[in-house]
S.K.: 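A single structure is presented below for examination.
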Amino acid sequence: MASARTTGTTVRPTGARSHHPQPGAAAPPRPRDWAEIQERMLVPLYEAVYDRLEVGPASSVLGLGCRSGLALLLAAGRGAQVAGQEPRDELRELARNRRLRVCAGSRPTAAVPRSAHSLVTVFEQLPGAAEPRAVVAEAAGLTLPGGHVVLAAWGPPERCQSAPVLDVARRRAGRTTARDPFELSAPGTLEDLLAPAGLRPAGSGRVSCPFAYPDLDSAVRGLLSTGLFEAAEEFSGAPLVAKELEEALQPYLRPDGTVRMENVFRYLVAERPR
């Protein structure tokens, strides 16, 4: 499989758009907000993992739940062969616009012809996932013997300034099935997912990933694009959720109008035995 190229894949910024829906307006462009605002916040995590595992020309990397594919672009820039899986049509199309091979499901296709890879990453899919064990089992099944799976989750909530902001999602979701994004942050929780999937631990690390935005509007749009607020918006309505997000972000609003929250993410490296 030919490796993806990064030529011509820069993300173009857009002008500010209101996150408050107008009567008769189309749904907010959340996938593009993810690609243009939020995705870059996790670059320190991607780079730390690739450095640790020495990702390069000998690597075959699959991004499970790769969204619009920035993590794969960074791996491709190191010479790796890359492919992705992304169930959401809009995000998958954005990834393909970046010249990435991305399919919707786990079976090999013309887009992703390989059935197993030396590294499978789960960077964004676990926080809030309804069935984390199923996600990890799928990742293990797509990994070559002797290869690695990397799982990522939020760090301890007391070390994440975004924690009280994300709490808006829980408070406004009512009695829906919304999951706590910090559910996998407790010590040993990620590790408990490995053995049922036939994996064994091979190291871990913590990475500082500040969430920094040029203005309050961008902060709200970026956070809403994570998918963590969908249940809250369905239960309480998008305008109310956006309003409460603005209020929760006030402590992190700086005099120059920018917004910054210091956060820590944790990653766990697992090996599939030969």
Side-chain angles (χ1 to χ4, degrees), residues 1 3-4 42-67 69-87 100-103 105-108 112-156 182-209 264-274:
M1 179 177 64
S3 62
L42 298 180
V43 166
L45 170 65
Y46 307 152
E47 296 283 24
V49 168
Y50 294 157
D51 286 345
R52 179 161 189 158
L53 295 178
E54 300 181 342
V55 168
S59 307
S60 170
V61 180
L62 175 69
L64 194 61
C66 68
R67 300 199 175 183
L70 180 56
L72 293 177
L73 282 179
L74 296 175
R78 294 167 176 251
Q81 296 181 342
V82 303
Q85 290 181 23
E86 174 50 53
L100 293 168
R101 292 183 170 185
V102 179
C103 67
S106 59
R107 300 180 64 180
V112 184
R114 297 184 63 136
S115 59
H117 303 261
S118 63
L119 172 61
V120 177
T121 61
V122 189
F123 283 131
E124 289 105 21
Q125 199 172 2
L126 283 179
E131 298 181 9
R133 288 182 183 272
V135 174
V136 177
E138 182 179 11
L142 294 166
T143 306
L144 290 167
H148 294 94
V149 173
V150 171
L151 310 178
W154 288 85
F182 291 93
E183 185 175 357
L184 299 176
S185 301
T189 307
L190 281 179
E191 285 81 353
D192 289 343
L193 300 174
L194 300 185
L199 300 170
R200 61 189 180 197
S204 64
R206 289 184 178 182
V207 185
S208 173
C209 292
V264 170
F265 279 76
R266 180 172 185 260
Y267 67 86
L268 175 66
V269 180
E271 181 181 7
R272 181 181 176 187
R274 295 182 184 275

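In this text the structure is predicted, and so the values were computed from the model without any measurement.
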S.K.: Are Glu271 and Arg200 ion-paired here, with the side-chain N under 4.0 Å from a carboxylate O?
M.R.: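 Salt bridge: yes.
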
S.K.: So, for Gly63 and Leu72, which heavy atoms are closest and what is the spacing to 0.1 Å?
M.R.: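 Shortest heavy-atom contact: N-CD2, 3.7 Å.
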
S.K.: Output yes when a side-chain donor or acceptor of Ser118 lies under 3.5 Å from a complementary backbone atom of Ser60, and no otherwise.
M.R.: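 Yes, the answer is positive, given that a donor and an acceptor are paired below the 3.5 Å cut-off.
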
S.K.: How far apart are the closest heavy atoms of Leu126 and Ala152, and which atoms are they?
M.R.: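 Distance-wise, the nearest heavy atoms are CB-O, 3.9 Å.
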
S.K.: Listed by chain and number, what are the ring-ring contact (aromatic ring centres under 6.0 Å, His included) partners of Phe182, not counting sequence neighbours?
M.R.: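 Phe182 satisfies ring-ring contact (aromatic ring centres under 6.0 Å, His included) with Trp154 only.
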
S.K.: Do Arg272 and Val149 touch side chain to side chain, with heavy atoms closer than 4.5 Å?
M.R.: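 A side-chain contact is absent here, since even the closest heavy-atom pair is not under 4.5 Å.
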
S.K.: Is any side-chain heavy atom of Leu194 less than 4.5 Å from a side-chain heavy atom of Leu268?
M.R.: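 Yes; the side chains approach each other to less than 4.5 Å.
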
S.K.: Side chains of Leu42 and Leu70: does their closest heavy-atom pair fall under 4.5 Å?
M.R.: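 In short, these two side chains do not touch, never coming nearer than 4.5 Å.
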
S.K.: Which heavy atom in Ala75 sits nearest to a heavy atom in Val55, and how many Å separate them?
M.R.: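 Heavy atoms only, the tightest pair is CB-CG1, 4.3 Å.
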
S.K.: Under 4.5 Å between any side-chain heavy atoms of Ser185 and Pro156, yes or no?
M.R.: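 Ser185 vs Pro156: side chains apart.
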
S.K.: Once ring-ring contact (aromatic ring centres under 6.0 Å, His included) is applied, do any residues pair with Tyr267, and if so which ones, sequence neighbours excluded?
M.R.: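 Here no residue qualifies.
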
S.K.: Are Leu199 and Thr143 close enough that some pair of their side-chain heavy atoms sits under 4.5 Å apart?
M.R.: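 Not touching, per the 4.5 Å side-chain cut-off.
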
S.K.: Evaluate the side-chain proximity of Leu142 to Gln85: yes if any heavy-atom separation is below 4.5 Å, no if none is.
M.R.: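 Gln85 vs Leu142: side chains touch.
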
S.K.: Name the atoms and distances for all side-chain donor-acceptor pairs under 3.5 Å in residues 43-51, with sequence neighbours left out.
M.R.:
residue, atom, partner, partner atom, Å
Tyr46, OH, Glu124, OE2, 2.3
Glu47, OE1, Arg78, NH2, 2.6
Tyr50, OH, Ala71, O, 2.8
Asp51, OD1, Arg78, NH1, 3.1
Asp51, OD1, Arg78, NH2, 2.7

